[in-house]
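Everything below concerns the one structure shown next.
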Amino acid sequence: MKNLDTAEKTNLVLGMLGTPLDNTVMPWVIRDFNRLYPEIKISIRYFTHDELEHALANKVIDAAIQTADDVATNAYFHLFAEGKFAAIIANNEPLAIRTELSIRSLDYHNLIFLLESQCSPQQKELQQKIAELCSNSTIYYANNYLEELAMAKTALGICILPFIKLAGFPQKDELVSALPIRESSEIGYGVVTKGKAINPATTTFINWIEQNKLS
């Protein structure tokens, strides 16, 4: 691939929610992209669900990393990976030795949910289903994905987060394991932009992502 012409050299600001994908896979994706396009200077900013939508609408960021079910009708979604929701469990928990979990296996455990106001539609639906089937569990609520993950890492409970298992990328955390939830529907991850007038760096990043879809 050719580098960008001098006139196209610019900055790219990406907004993220702090999901496991954002924290484990995206750094590797961005590093690989920067090897090809070192002249594009990428900045990363973390937001809550509501803040991310506002930042994108007001051009505080050039693009967002989101799930497909959470994209506004007037935004553009560019898929680059697919996965499921997973239970994030401290490695010293007995359930952590499994490869996947059913919803009912979470009963009697402390659970950490994302506030419904911060949920994507699929996450909200799954949390409601888990709450119905795990009536013996104590449920705690976090304001954002980073809080959820921090609570899981300190063994305060099991959190539910979007997760994509990708070959070739480091996934295992020394403190927690991510176990796909059997009843979870598939989720798509991608780059979201607002409107057609995007800067050249964003266009280049999206084109590269679409040519190098993760699986």
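Any value given below was found using the heavy atoms of this structure, including those in side chains, with hydrogens, waters and symmetry copies removed.
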Can you measure from [atom1] ([X]) to [atom2] ([Y]) and round to the nearest 0.5 angstrom?
X: L56; Y: T193; atom1: CG; atom2: OG1; result: 7.5 Å
X: I158; Y: L111; atom1: CD1; atom2: CG; result: 6.0 Å
X: E82; Y: E186; atom1: CD; atom2: CD; result: 6.5 Å

So, [X] versus [Y]: side-chain donor-acceptor pair below 3.5 Å or not?
X: N58; Y: H54; answer: yes
X: Q123; Y: Y145; answer: yes
X: H49; Y: D70; answer: yes
X: T67; Y: D69; answer: yes
X: Y189; Y: T19; answer: yes
X: E132; Y: Q128; answer: no

Using modelled atom types and a 3.5 Å cut-off, is there a donor and acceptor pairing between side-chain atoms of [X] and backbone atoms of [Y]?
X: E210; Y: F80; answer: no
X: K84; Y: S184; answer: yes
X: Q122; Y: P162; answer: no
X: Q66; Y: V71; answer: no
X: S137; Y: Y108; answer: yes

Check whether any side-chain heavy atom of [X] sits under 4.5 Å from a side-chain heavy atom of [Y], and report yes or no.
X: N74; Y: K194; value: yes
X: L161; Y: F85; value: no
X: L95; Y: H109; value: yes
X: T99; Y: L179; value: no

Check against side chain to side chain donor-acceptor pair (under 3.5 Å), E51 and T48
CA-CA 5 Å; E51 290 171 344; T48 64; 3.3 Å; yes
So Q118 and D50, side chain to side chain contact (heavy atoms under 4.5 Å, CB included) or not? Walk me through it.
CA-CA 7 Å; Q118 301 301 312; D50 293 338; 3.3 Å; yes
Could you identify which residues cluster with Y76, counting Ile, Leu, Val, Met, Phe, Trp and Tyr as linked when any side-chain heavy atoms lie under 4.5 Å apart, either directly or through a chain of such contacts?
none
Remaining members of hydrophobic cluster (4.5 Å side-chain criterion), I112
Y140, M151, L156
Among residues at least two apart in sequence or on other chains, which ones pass salt bridge (charged side-chain N to carboxylate O under 4.0 Å, His left out) with K153?
D173
By salt bridge (charged side-chain N to carboxylate O under 4.0 Å, His left out) - contacts of E100 (at least two apart)
R182
Any residue meeting side chain to side chain donor-acceptor pair (under 3.5 Å) with [X], in chain and number order, not counting sequence neighbours:
X: Y46; value: N23
X: S105; value: none
X: E148; value: none

Residues at least two apart in sequence or cross-chain that pass ring pair (Phe, Tyr, Trp, His ring centres under 6.0 Å) with F33, listed by chain then number, are Y37, F205, W208
For [X] and [Y], work out which heavy atoms get closest and say how close.
X: L17; Y: D22; answer: N-OD2, 3.2 Å
X: I181; Y: A87; answer: CG1-N, 3.8 Å
X: F163; Y: A178; answer: CE1-CB, 3.5 Å
X: C119; Y: L114; answer: SG-O, 3.5 Å
X: A131; Y: I139; answer: CB-CD1, 3.9 Å
X: N199; Y: N11; answer: ND2-O, 3.3 Å

Let's go through I209 and V29 carefully: what are the C-alpha distance in whole Å and the side-chain angles of both, what is the deciding distance for side chain to side chain contact (heavy atoms under 4.5 Å, CB included) to 0.1 Å, and is it a yes or a no?
CA-CA 9 Å; I209 283 289; V29 170; 3.8 Å; yes
Any salt bridge linking D32 with R35? Criterion: basic side-chain nitrogen under 4.0 Å from a carboxylate oxygen.
yes
Checking [X] now: which residues fulfil side chain to side chain contact (heavy atoms under 4.5 Å, CB included) with it, not counting sequence neighbours?
X: V13; answer: S43, R45, I61, D62
X: E147; answer: A142, N143, N144
X: I30; answer: L14, M16, M26, N34, I42, I44
X: E125; answer: none

Determine, stepwise, if the pair I40 / T204 fulfils side chain to side chain contact (heavy atoms under 4.5 Å, CB included).
CA-CA 9 Å; I40 294 180; T204 301; 4.2 Å; yes
